[in-house]
Each structure stands twice: as C-alpha cells, then as structure tokens.
Amino acid sequence: LLPCIRSLSLRKNGITDDYEREILEIFNIPKLKCVDLSFNNMNKLGAMIGRKLKDNCTHIQWVDLTQNDFYNDNTANSFII
C-alpha cells in the first residue's frame, strides 16, 4: 500500500468508523510522516488512532484529527490528547 508516500490528506471525505481497517492500515506505512483526517465523521475511530500512535507508531510526526465527532467520546479524547 503506497510504500513511498510521506504525506496524506484525507480531509473532508466523509470518513466514518466503518472504515476502521483501512484508516488504521494507513499508519503502517513506514515512510508516512503527516496524516490529515480533519473534517470527517469519525467517532470511536479516534481512540483507535490514538492507541495506534501511542503504542507502536513512532514514524508519524503530525496528525490532524480536528473537526470530527470525538467530543462525545471521552475514551477517544483521552487517547488522542
């Protein structure tokens, strides 16, 4: 899956938690440094992304998750912050 990509913008794509597998796979691209997932419709996926970043994703330097639906999910918020 695109092994040489360094930056990826998926903002304003209507991405929901239904795309969990595909979105989490993005963070396995070793050369990827920047990911923009802002202005989507993610909710619980925020916590999964946060866990992935904290557990085993040291190559990512910048992630934008603003303007998603995390405000109602305290678990997601605790993993993201």
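These numbers come from a predicted model, not from an experiment.
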message: List the residues meeting side-chain hydrogen bond (donor to acceptor under 3.5 Å, both in side chains) with Ser9, not counting sequence neighbours, and say none if there are none.
response: none

field: Sequence-distant partners of Asn13, side-chain hydrogen bond (donor to acceptor under 3.5 Å, both in side chains), two or more places apart
entry: none

Pair Asp17 + Lys44: basic N to acidic O under 4.0 Å: no

Between CG on residue Asn68 and OG1 on residue Thr16, distance to nearest 0.5 Å: 10.5 Å

message: Rounded at 0.5 Å granularity, tell me how far SG in Cys57 sits from CG in Leu24.
response: 10.0 Å

query: Taking the side chain from Asn40 and the backbone from Gly14, do they hold a donor-acceptor pair closer than 3.5 Å?
result: yes

task: Taking all heavy atoms of Leu45 and all of Glu20, pick out the closest pair and write down the distance.
output: CD1-CA, 3.8 Å

message: If I compare all heavy atoms of Ile49 with all of Met42, which pair ends up nearest, and what's the gap?
response: CD1-SD, 4.2 Å

message: Contact between Lys33 and Ile60 at the side-chain level, heavy atoms closer than 4.5 Å - yes or no?
response: no

statement: Checking Asp36, Val35, Leu37 against Leu10 for side chain to side chain contact (heavy atoms under 4.5 Å, CB included), the one that qualifies is Leu37

- request: For Phe27, look at atom CZ and say whether over 12 heavy atoms of other residues, nucleotides or ligands are found less than 6.0 Å away.
  value: yes

Pairing residues for [X] by the side chain to side chain contact (heavy atoms under 4.5 Å, CB included) criterion, not counting sequence neighbours:
X     : value
Cys34 : Ser7, Trp62
Asn28 : Glu25, Lys52
Gln67 : Phe39

